[in-house]
Amino acid sequence: MTAVATQVLGWEDDPGAPDAANTPVPRPVPDPSKDPLPSAIDGTAPKPDEYDPGSSQFRYWVAADALRRVADYWGAILGDVAWHSSVGDKLRIVLDEGRDFNAFYDREGLHFFHDTTPDGTTCFSDNSADVVCHEFGHAVLDAIRPQLWDAANLEVPAFHESFGDMTSMLTELQLESVRETVIAGTGGKLARSSRLSRLAEQLGWAIRQTAPDAVDGDCLRNAANSFFYSDPLTLPPSAPANQLSSEPHSFSRVFSGAFLSSLAGMFSTTDGGSDSLQKVSVDLGTLLVDAVKATPVVAAYYSQVAAHVLALAQQRFPDNGYVDALRAGFVAHGILALQHTTVTLSDAGRALGIVPRVAPTELTPMALSGTPYGLGEDVLVRVGAEPKRFAVASAAPEGGAVEGAPQDRVAAGFVEDLFRRGHVRIDAQLRTGAEVVRDRSVHTHEIVRDDGALVLRRRVFDCGFRAGA
Ligand SMILES: [Zn+2]
């Protein structure tokens, strides 16, 4: 009888582009079905072993290892947390569901795909710890803040995407080998481009073979960037990757850039060692999720999240330099206007305190005219009903702070963007012939009739690997 292997192979982050020197590393046999944040991969698990990197058995254990690692990271921080009720006890994982450069979370599970580039290279979206952790991040954020799912607000889905990327970076930092490589490779200046900042190098490469301006030049998205906040209502719905658009993956890079700057600043206050980096990664992840739990779903969502992170850091880490590092990160990317980095509670916020004890308010419906979208009647969308807790705003690129648009204009801008990008599915019986619909394999939203009214609702967080398609 052969002994059962105690190790499998996994990627520390990503296989990289085809010419990359990355090699898989031995990992303990993971069990993604165990607490915390359990998941279950469809199908039968191949016998644990160190398989050939071209095989489906190899990819199975890559995904299982990444799932275990990201669940351990967020599980230790979040404690007793349950998936969104429609997910059930275990997050379903569907590896290699079909042909596409894509992956998505749909409130049931995570779905991964494969596709082939014109030169015949086949890439699988499950064959990357970066991508698996990003998708898992969507599910975690949905578990702790389900109100973000349907918010008609351009900054909210962008934050969801950023949370996925931040999840990948934070999970990667739980591996000592990655921490040491990144510290050495950046000279301890973590805001520099590195394997930490570069998300999904292989999928980025695959997409560039047919859509060279759809993703960054060295990966899917690089958090070592200089993007500065602009009100997303003023941005085009799509743009080449070296420019900012209101498309959620594009706009997410502003927040991810501030996150990496902040992480680098926090790390620079330590002794610069691997253990200190691990501590910083846990401290920052904890601040982030505690802030997200408390932040009201308002139009200026980025600045409110940042203000909550700062307020919590002031309470918990008043003396170690974290607050200055976070302030600098948020200002450098315009998430907070320069005059708004000393966080002050608004009148409403004073009544609520920094971290409210009460559960967040559900979103409320708002009626928008369906005429601009070719629909014959109003459409109900969902918007946040809570007031801002902090009297802060993001920066205006020309100086000072942005004014911020009223809620109805924010919601209408969000819906218009979805239609311009062809992301809305409309039930056949609701079509009038005047709507502009695009046949895409993944529609992030749909318009359905619910209780007599037309309602816009989200179907998935699509990971946009076909950006530009
Ligand atoms: Zn995503």
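First listed ligand is number 1; within each ligand, the first listed atom is number 1. What's counted below: heavy atoms across the whole structure, side chains too, no hydrogens, waters or symmetry copies.
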Exercise. Examine His138 and say whether one of its N/O/S atoms is closer to the Zn ion (ligand 1) than 2.8 Å.
Key: yes
Quiz item: Is the charged tip of Arg253 near the ring of Phe251: under 6.0 Å from the six-membered ring centre and within 45° of its axis?
Solution: no
Quiz prompt | Note: Arg69-Glu172 ion pair, threshold 4.0 Å (strictly below) | solution = no
Self-check item: Over-ring placement of Arg107 relative to Trp149, 6.0 Å and 45° cut-offs
Solution: yes
Practice problem: Give a yes-or-no answer on whether the side chains of Asp142 and His84 include a donor-acceptor pair shorter than 3.5 Å. | Solution: no
Quiz item: Hey, is there an N, O or S on His134 sitting under 2.8 Å from the Zn ion (ligand 1)?
Solution: yes
Quiz prompt | With the Zn ion (ligand 1) as the apex, the SG/OE1 angle for Cys463 and Glu161 - to 10° | solution = 140°
